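Each remark here refers to the structure printed beneath this line.
Since the model is a prediction, treat every value here as computed from it, not as a measurement. The figures here come from the full heavy-atom set of this structure, side chains too, leaving out hydrogens, waters and symmetry mates.
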Amino acid sequence: MDERLYWLWLAHGLGPAARQLPQLLEQYGSAKQIFAHRMEICRRRLVTQAQQRVLATSRPEQFFESLARHEDAGVQILVYSEEAYPPLLRQIDSPPPVLYLVGDAACLSSLLMIGMVGTRRPSAYGMDAARTLADGFAKAGAVLVSGLAEGLDSEAHRAAVRAQVPTVAVLGTAIDQCFPAKNAPLREQIEQCGAVISEFPIGTPGKPAYFLARNRMIAGLSKVLCVVEARMRSGTMSTVQFALDYGRDVYAVPGSIFSPLSEGTNRLLAEGARVLTKPQDLLEDWAQELMPQYHGIEKQAPQEEIPVQQKLSLCTLSRKAVCLEKCLLASRAKGMEELCRETGLSAGEVMAALTELELEGLCVAQPGRLFLHS
């Protein structure tokens with residue numbers, strides 16, 4: 001019998017976000033052996049009464065149709081015992097026995113998985129910050145993990161799509177659903193260059209609690225978690241708590257002391273989260289461990305100075321970045337207001353262009369939010 005049928009049976013019996021899986025695997029070794037010893041497991045009360053009823057009254061053969069339905073729909077079924085199962089998810093206390101996936105499973109095992117989360121109703125500042133950070137992370141080769149929600153989640157995914165690098169969307173719904181529905185086009189783009197995953201099979205009715213289960217998956221899949229804007233009481237902060245429980249590093253974007261949207265991030269900073277004001281704040285922290293797999297911040301041996309125009313010809317800079325680079329050729333450092341005035345770009349566009357230039361080694365940030373050509 002296909003081993004995946006045993007895992008489908010087990011996932012059905014335990015339910016989402018179940019904490020019993022690691023203990024059961026430690027004692028019995030595999031889903032097949034758990035099935036063989038299911039009555040003993042029930043007698044020993046290693047699972048809850050509700051789980052006992054399902055495990056005792058169902059069989060793996062019942063999932064033949066489900067297996068076929070997902071295969072016909074182009075949905076991959078990735079089970080815990082497979083090598084392709086994401087290694088970071090194995091580390092959490094409630095790993096899903098089964099993942100349903102559309103896209104490329106390989107991106108789930110990338111070296112640098114960065115979770116990006118925040119409010120669904122961000123401020124203009126939050127959107128600019130998310131766009132700038134996500135663009136920088138994506139262009140450095142990181143895989144961005146988020147929840148396909150409105151607002152800052154979507155901005156993280158869009159940055160990866162723009163950079164044509166993988167991104168992972170974790171759903172709080174069945175794998176055949178998209179919430180919100182207006183993100184269906186974005187989901188299709190993610191499927192082409194990354195992966196959309198869920199622990200809920202086709203046809204699973206939605207429940208609010210499933211989004212909390214989704215948040216633990218975002219935290220579990222991420223090597224580090226970045227919080228852009230968040231209220232004190234929010235789903236974003238639940239993701240943060242999962243990340244802390246799993247021993248993940250948390251970065252937060254500082255915000256206005258007058259904005260309720262920054263209360264959560266400012267509190268995180270006060271409690272020890274790392275400050276995140278530009279992509280390099282995170283990328284340089286992880287460079288020694290992960291370079292040279294990720295370009296843009298690796299240390300290189302000194303080389304003969306290359307003329308600016310030749311540097312530009314070697315870089316794949318956007319038009320706005322080229323415009324800003326010319327503006328920075330003056331010998332003195334310039335601030336955001338001056339750069340916006342001289343280039344005609346918005347603050348968000350200037351920040352995105354500065355990120356490109358910094359990643360290419362053409363610009364350095366100075367104290368007081370001043371920027372100088374390198």
I'd like to know if the side chain of [X] reaches the main chain of [Y], judged simply by a donor and an acceptor atom lying under 3.5 Å from each other, with no hydrogens or angles considered.
X	Y	result
E188	N183	no
S198	T173	yes
T167	L144	yes
R248	S222	yes
T343	L345	yes

Indicate whether the side chain of Q51 and that of T48 have a donor and an acceptor atom separated by less than 3.5 Å.
yes
Test item: side-chain donor near acceptor, R216 and S94, under 3.5 Å
yes
Can a salt bridge be assigned to the pair [X] and [Y] using a cut-off of 4.0 Å between side-chain N and carboxylate O?
X	Y	value
E284	K278	no
E150	K182	yes
E229	R121	no
D72	R69	no
R267	E263	no

Hey, quick one: are L261 and V253 part of the same hydrophobic cluster, counting side-chain heavy atoms closer than 4.5 Å, chains of contacts allowed?
no
Please answer: with hydrophobic residues joined when any side-chain heavy atoms are less than 4.5 Å apart, are Y100 and W7 in the same cluster?
yes
Just do the salt bridge (Lys or Arg N to Asp or Glu O under 4.0 Å) check on R274 and D285 with the steps written out, would you?
CA-CA 10 Å; R274 301 191 186 189; D285 286 347; 3.2 Å; yes
Centroid separation F63 to Y6 less than 6.0 Å
no
Restricting to salt bridge (Lys or Arg N to Asp or Glu O under 4.0 Å), what partner residues turn up for D176, sequence neighbours left out?
none
If the condition is ring pair (Phe, Tyr, Trp, His ring centres under 6.0 Å), which residues does Y246 pass it with, not counting sequence neighbours?
none
